[in-house]
Number of protein chains: 2
Amino acid sequence: MNLADVARRAGVSPATASRALSGHPHVAEVTRARVWEAARALEYVASPEATGLARGTTGRVAVVVPHLARWWFGAALEGLGTVLREGGRDLLLYRLGDAGSRQAFFDELPTRRRADAVVLLGFGVDERERERLDRIGVGIVAAGTRVGSHPSVSIDDHAAGRQAMDHLLHLGHRRIGTIVAADPELDLAQPAGRSSAYRAALADAGITPDPALSVTVTWSPESGARAMGELLGLADPPTAVYAHSDEIALGAVRTLRRAGLRVPEDVSVVGIDDHPLAAMTDLSTVAQPAAEQGELAGRMALAGLAGEPVDPVVTVPTRLVIRGSSGPPQAAGRRWRRS
Amino acid sequence: MNLADVARRAGVSPATASRALSGHPHVAEVTRARVWEAARALEYVASPEATGLARGTTGRVAVVVPHLARWWFGAALEGLGTVLREGGRDLLLYRLGDAGSRQAFFDELPTRRRADAVVLLGFGVDERERERLDRIGVGIVAAGTRVGSHPSVSIDDHAAGRQAMDHLLHLGHRRIGTIVAADPELDLAQPAGRSSAYRAALADAGITPDPALSVTVTWSPESGARAMGELLGLADPPTAVYAHSDEIALGAVRTLRRAGLRVPEDVSVVGIDDHPLAAMTDLSTVAQPAAEQGELAGRMALAGLAGEPVDPVVTVPTRLVIRGSSGPPQAAGRRWRRS
DNA sequence: GTCACGCCTGCAAACGCTTCCAGCGCCCGC
DNA sequence: GCGGGCGCTGGAAGCGTTTGCAGGCGTGAC
């Protein structure tokens, strides 16, 4: 099963067999064919350990993610995996589930000798971590966020937020709530652009933001439901809500329905993502291409490995998708009619 | 950065350094401490290639999945990843996106020398593939499905289906449709138990199944929406629908809403999974623990690697979750009132 | 008919770690 | 006081590839 066996069967030295199999020049065609035939007959698979040791590479790309169950991550990982496979690289998956494993990861940098490149998926890092990361000695690519000066692919969070907010403002809403997503468990930076867009849009419309209309929660649907409850508890609740993700927005819609309020007649809701279930639940949203971001990150990583130049910062476009969860505000008098 | 450097700094031979770091007995405590200190100072990380080559293992577990964006897979992978990390194993991810990559995977068995064990996640294999798989020479564990006589963890699909169907029958439904999930692109076997449960439940209730009430589609919400459209087009549409997954069920609900029908007053819907968004959309369903299945599969793989005995077949329980999408059928006269 | 030059091929030395085997002290028991 | 044994350490041989270097042979040019 070893290269030596293949070489013996083909009647050549291991050196020649190696050259023949890995496509080096200066191997006679007839020899190459004989070696390949022998390899096929013996079902030979090179030991990646030995190859890696001799060549000083691993043939693997490490992917670091904070979550997997959330839609964006699964979709991005899917795109990334496809591209890496085409490039002949194996995908090593690291999930940093909590602050502890995150700390351990950046302290020990276990990927140091385990991969030829690292892709950070939806993972904002802080100053110290970036500094640590740079010592890893391999190429780093980020998707869904920016990481220092490393190549990255992401949406323009601010622009996406503006698309959502401008849509609501255009419909005539003046009192707009926002549900901000954060990741306290992982201490992940919240997408700053999505929040700044909220303030900027209000400012442009001449509206003074009410701090009570902004509530920060985790990324889950349940959190969204809870946040909406909080907003409904206000003396003067919003007529529209802009959520940082569809999953959160869907939670908000559920709370509204439970409260007997109609969407969008009583309260409009928009999210960000275009989650597959957003179409199913008629949720207005700002679509972002998740799989494509993963694919692009993969291509950038491969290009870096090949020594080709890579674009430092790629921004993929987002698109406002208007569905049934957003509409003009009702005349004040008709609001709060319990359906 | 190499073991030799660490050894030199600690004033011992590489052999002793190796033993000290990998926790072998017969190393003086003081020596061990000195080696560890040197390793820490030099930020030493062992080369997995070299270790693997010398030891004949890889320290990696390959995970094979057909999808990532679907909820179950992300959640199961999350649980699996956590357990493998605790066990000190790296996770190598293989996604078999279409029939072509599937074929290639089983032909070439690329994981052969790349991992110490293989976990198949939600991946039913056929006879030929199983035969190929057995030649891989490493332990195989399946989650979410059974694979030959290999250890596996999954729910009892038939029992889960019965929970859903019995619930609908108990509510008084007699004309029950079913949306069967399949994966034609990957040629994945549909979960037979979920279909047999449909027939068995009807039989027990003395109802002759109407072939027109059973429509087979892919796992996506969009498919569910389309399937529901088909069922609504029947001369005598069902009063309840049992879908093979929540994602499909949610698609079905969307079609019903669009058609102006009320859920559950006009048509009841139940799914399987307890997807996080099922709670948000008030969908009745049969809950299955996805993350737990991943965790168990991980533990089984680790146990196998440690040479410990592993339970051949583990079945995790499912649980009927009654929410707002299922209720008793309306008296015939009141049905089809366009809300 | 020579000579030089290329193509191919093989030898052997890495790559970085583990582990078998042997050796060296030291302690304990007689 | 002496021998056996045990605890600890080092030497060296792999593990399976790749690749620099050198050599053999054929070919074309002169």
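Chain letters run A, B, ... following the sequence lines, proteins first and then strands; every chain starts at 1.
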Look at [X] and [N] and indicate whether a side-chain polar atom (N or O) is within less than 4.0 Å of OP1 or OP2.
| X | N | result |
| --- | --- | --- |
| A/His26 | C/dT9 | no |
| B/Thr31 | D/dT9 | yes |
| B/Arg113 | D/dT17 | yes |
| A/Ser47 | D/dG16 | no |
| A/Tyr44 | D/dT17 | yes |
| B/Ser13 | D/dG11 | no |

Atom [atom1] of [X] and atom [atom2] of [Y]: how far apart are they, to the nearest 0.5 Å?
| X | Y | atom1 | atom2 | result |
| --- | --- | --- | --- | --- |
| B/Leu3 | B/Ser22 | CG | OG | 9.0 Å |
| A/Asp116 | A/Arg55 | CG | CZ | 10.0 Å |
| A/Leu80 | A/Gln293 | CG | CD | 11.5 Å |

Just the rounded figure in Å: distance from [atom2] of [N] to [atom1] of [X].
| X | N | atom1 | atom2 | value |
| --- | --- | --- | --- | --- |
| B/Arg34 | D/dC8 | CZ | C1' | 12 Å |
| A/His24 | C/dC7 | NE2 | C1' | 16 Å |
| A/Leu3 | D/dT19 | CG | P | 12 Å |
| B/Leu21 | C/dT19 | CG | P | 13 Å |
| A/Leu53 | D/dT19 | CG | C1' | 13 Å |
| B/Glu29 | D/dC8 | CD | P | 9 Å |
| A/Arg114 | C/dC17 | CZ | P | 12 Å |
| A/Arg112 | C/dG16 | CZ | C1' | 15 Å |

Which nucleotide in [options] has an atom nearest any side-chain atom of [X]:
| X | options | result |
| --- | --- | --- |
| B/Ala50 | C/dG16, D/dG10, D/dT17 | C/dG16 |
| B/Ala54 | C/dG10, D/dT17, C/dG16 | C/dG16 |
| B/Arg19 | D/dT9, C/dC8, D/dG20 | D/dT9 |
| A/Asn2 | D/dT17, D/dA12, D/dT18 | D/dT17 |

> Starting at the 5' end of DNA chain D and moving along, which residue's nearest nucleotide shows up first, B/Thr16 or A/Ser18?
Replying inline: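 The residue closer to the strand's 5' end, by nearest nucleotide, is B/Thr16.
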> Counting only heavy atoms not in A/Glu185, do more than 12 sit closer than 6.0 Å to its CD atom?
Replying inline: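 Atom CD in A/Glu185 is not crowded, with 12 or fewer foreign heavy atoms closer than 6.0 Å.
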> Are A/Tyr44 and A/Asn2 close enough that a side-chain donor and a side-chain acceptor fall under 3.5 Å?
Replying inline: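 No, no side-chain donor-acceptor contact under 3.5 Å.
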>> Over all strands shown, is B/Ala15 touching base, sugar-phosphate only, or nothing at heavy-atom distances under 4.0 angstrom?
In response: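 Base contact.
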>> Taking atom types as they are modelled, would you say the side chain of B/Arg55 forms a donor-acceptor pair with the base of D/dG14 within the 3.5 Å cutoff?
In response: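 No, the side chain and the base share no sub-3.5 Å donor-acceptor pair.
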>> Which residues pass the ring pair (Phe, Tyr, Trp, His ring centres under 6.0 Å) test with B/Trp71, not counting sequence neighbours?
In response: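 Result, ring pair (Phe, Tyr, Trp, His ring centres under 6.0 Å) vs B/Trp71: B/His275.
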